[in-house]
**Q** 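Before I ask anything, let me first share the structure, which is written out below as structure tokens.
From a predicted model like this one, the values you see are computed outputs, not experimental measurements. Order of the sequence lines sets the chain letters (A, B, ...), proteins ahead of strands, with each chain counted from 1.
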There are 2 protein chains.
Amino acid sequence: MKISAQEEYGLRCLLQLARGDAQGESLTLAQIARREGISVANAGKLMWILNKAGLVQSQRGTKGGYRLARPAATIRLNEVISVLDDESVAAHCKSYAGVLDSCVHTGDCGIRPVIVELHQIVDNALSEITLSQLLGSEATVDAVLHKIQGTRQLQRRESNSMPL
Amino acid sequence: MKISAQEEYGLRCLLQLARGDAQGESLTLAQIARREGISVANAGKLMWILNKAGLVQSQRGTKGGYRLARPAATIRLNEVISVLDDESVAAHCKSYAGVLDSCVHTGDCGIRPVIVELHQIVDNALSEITLSQLLGSEATVDAVLHKIQGTRQLQRRESNSMPL
DNA sequence: CCCAATCCTTACTTTTAAGTCAACATTGGA
DNA sequence: TCCAATGTTGACTTAAAAGTAAGGATTGGG
């Protein structure tokens, strides 16, 4: 269960744009690339994906660049991640079929619900986090996230009497 | 955010062993491979990893094979997954450094807490699921998991008044 | 004591994801 | 109107993950 390079770098680039969002600033590929320590070519590819998905707007030509398509406070991480990594349960079951034509568990599979549920849990968690929440210092961000996750853990412990 | 092939197949192999666990049966590599539709060589690699981590026990020689090292009801998915995919936050920050020697966000990084929190959330969810819970039919398993996830969602909704 | 069945280990090959490159299209300003 | 700055696109190269292969080690049975 890993976060891919594309997800990581794509999110970082978005955060760069989010920093100038309030002032209506835009950044060129070269600026984004330099600030994140990646190549211009790579930044170009990432921004192309984000642009295609409607998360950023691009302006060509001199004085061009990228900016967020919406305010940073309205962009949630689950949307960002799903755009940068096109994973679906259907794709999962298809790609892990082993040496056979179709997965041996077709029809009745005890693992599929785990995959589905896991995706849902991650999606829920990410949907509570917006880009603007990630602009502060590490300590600040950490505090915000612990609040979200903390409440959940507390609630669970209170009613954790289901059988294993 | 994907589940790797190694995680998927490793878990499946473990479930095969879990099926015969109560009767104390053991399975050979050839049996495991056939039942999961993967090659014997691949099954061998996966079982080697699981054996090294102490999740299964192996018996060499004729009449040999693999069995679970502990009862299926005591093996939780978070342990399984972490064994099959050695991901850590430290490794993450190291591998996504871009073209530079170290990550540009060293010292103060707003993304690191997201990674940490995400891992924690996934780990929490997986720690509630045991191998034995996954042995039933898809419908049964689905019901069990929805119960776990369902309670959590309900609880969250009740007190979801934090600022975004 | 020897053979066959089985697991163990390392090196190699294949496949897939990541990243780069180069030619092109668009825009704004001189 | 032309040029330089910029984003766009698809082909290519490189790096990482997955999977394969082959010889070695161990065990149980005849």
Side-chain angles (χ1 to χ4, degrees), chain A residues 1-13 17 25-34 36-67 69 84-87 91-92 94-100, chain B residues 1-13 17 25-34 36-67 69 84-87 91-92 94-100:
Chain A
M1 204 83 200
K2 277 182 186 161
I3 291 185
S4 71
Q6 195 157 279
E7 290 167 301
E8 163 89 16
Y9 290 136
L11 173 57
R12 286 198 207 164
C13 293
L17 296 186
E25 292 175 354
S26 68
L27 295 178
T28 69
L29 279 181
Q31 289 175 311
I32 295 172
R34 180 158 33 77
E36 286 304 334
I38 61 179
S39 72
V40 173
N42 199 7
K45 187 185 201 172
L46 293 169
M47 298 312 291
W48 175 70
I49 293 171
L50 293 170
N51 183 31
K52 202 177 48 168
L55 282 175
V56 306
Q57 285 181 333
S58 68
Q59 174 66 42
R60 290 211 220 190
T62 292
K63 298 284 178 189
Y66 293 91
R67 66 185 61 205
L84 290 165
D85 171 42
D86 47 346
E87 166 74 342
H92 179 92
K94 203 166 186 178
S95 61
Y96 294 154
V99 297
L100 305 173
Chain B
M1 206 82 200
K2 276 182 186 160
I3 291 186
S4 70
Q6 195 157 280
E7 291 168 301
E8 163 89 15
Y9 290 136
L11 174 56
R12 285 197 209 166
C13 293
L17 296 187
E25 292 174 353
S26 70
L27 294 178
T28 68
L29 281 180
Q31 290 175 310
I32 296 171
R34 180 157 33 80
E36 285 304 334
I38 61 180
S39 73
V40 173
N42 199 6
K45 187 185 202 173
L46 294 168
M47 296 313 290
W48 176 69
I49 294 171
L50 293 170
N51 183 32
K52 204 177 46 170
L55 283 175
V56 305
Q57 285 184 332
S58 67
Q59 174 67 40
R60 289 211 222 190
T62 180
K63 295 286 177 185
Y66 293 91
R67 66 185 62 204
L84 290 165
D85 170 42
D86 48 345
E87 166 75 340
H92 179 92
K94 202 166 188 179
S95 62
Y96 295 154
V99 297
L100 306 173

**Q** Rounded at 0.5 Å granularity, tell me how far CD in A:Glu8 sits from NE2 in B:His92.
**A** 3.5 Å

**Q** Please report the shortest heavy-atom distance between A:Glu7 and A:Leu84, naming the atom on each side.
**A**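 So the minimum-distance heavy-atom pair works out to O-CD1, 3.6 Å.
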
**Q** The side chain of A:Gln59 lies closest to which of these nucleotides: C:dG28, C:dC21, D:dT20?
**A**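 The nucleotide sitting nearest to the side chain is C:dG28.
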
**Q** Return whichever of A:Ser95 or A:Leu29 has its heavy-atom-nearest nucleotide of DNA chain D closer to the 5' end.
**A**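 Result: A:Leu29.
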
**Q** Identify the heavy atoms of B:Glu36 and B:Arg12 that sit nearest to each other, and give their distance.
**A**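 Looking at all heavy atoms of both residues, the closest pair is OE1-CD, 3.0 Å.
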
**Q** How close or far is atom P of C:dT20 from atom CD1 of A:Ile38, stated in whole angstroms?
**A**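 My rounded result for the distance is 9 Å.
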
**Q** For the side chain of B:Ala5, counting heavy atoms from C-beta on, which of D:dA17, C:dA18, D:dG19 is nearest?
**A** D:dG19

**Q** Identify which nucleotide among C:dC7, D:dG28, C:dT27 has an atom closest to any side-chain atom of A:Thr62, counting heavy atoms from C-beta outward.
**A**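 The nucleotide sitting nearest to the side chain is C:dT27.
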
**Q** Let me spell it out: for each of A:Ala41 and A:Gly61, pick the nucleotide of DNA chain C with the closest heavy atom. Which residue's pick is nearer the 5' end?
**A**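 On the 5' side of the pair lies A:Ala41.
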
**Q** Side chain of A:Asn51: nearest nucleotide among C:dA18, C:dT9, D:dT8?
**A** D:dT8

**Q** Distance-only, no hydrogens or angles: does the B:Asn51 side chain make a donor-acceptor pair with backbone N or O of B:Gln57 under 3.5 Å?
**A**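 Flag not set: sc B:Asn51 to bb B:Gln57 has no pair under 3.5 Å.
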
**Q** Please state whether the phosphate of D:dT20, meaning OP1 or OP2, lies under 4.0 angstrom from any side-chain nitrogen or oxygen of B:Ser39.
**A** yes

**Q** Of the options C:dT26, C:dG19, C:dC8, whose atoms approach the side-chain atoms of A:Arg60 most closely?
**A**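 The closest nucleotide is C:dT26.
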
**Q** What's the closest nucleotide to the side chain of A:Lys45 if the choices are C:dT6, C:dA18, D:dT6?
**A** C:dA18

**Q** Starting at the 5' end of DNA chain C, which residue's closest nucleotide do you reach first, B:Leu27 or A:Val40?
**A**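 Residue closer to the 5' terminus by nearest nucleotide: B:Leu27.
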
**Q** Is there a donor N/O on one and an acceptor N/O on the other, under 3.5 Å, for the side chain of B:Lys63 and the base of D:dG29?
**A** no

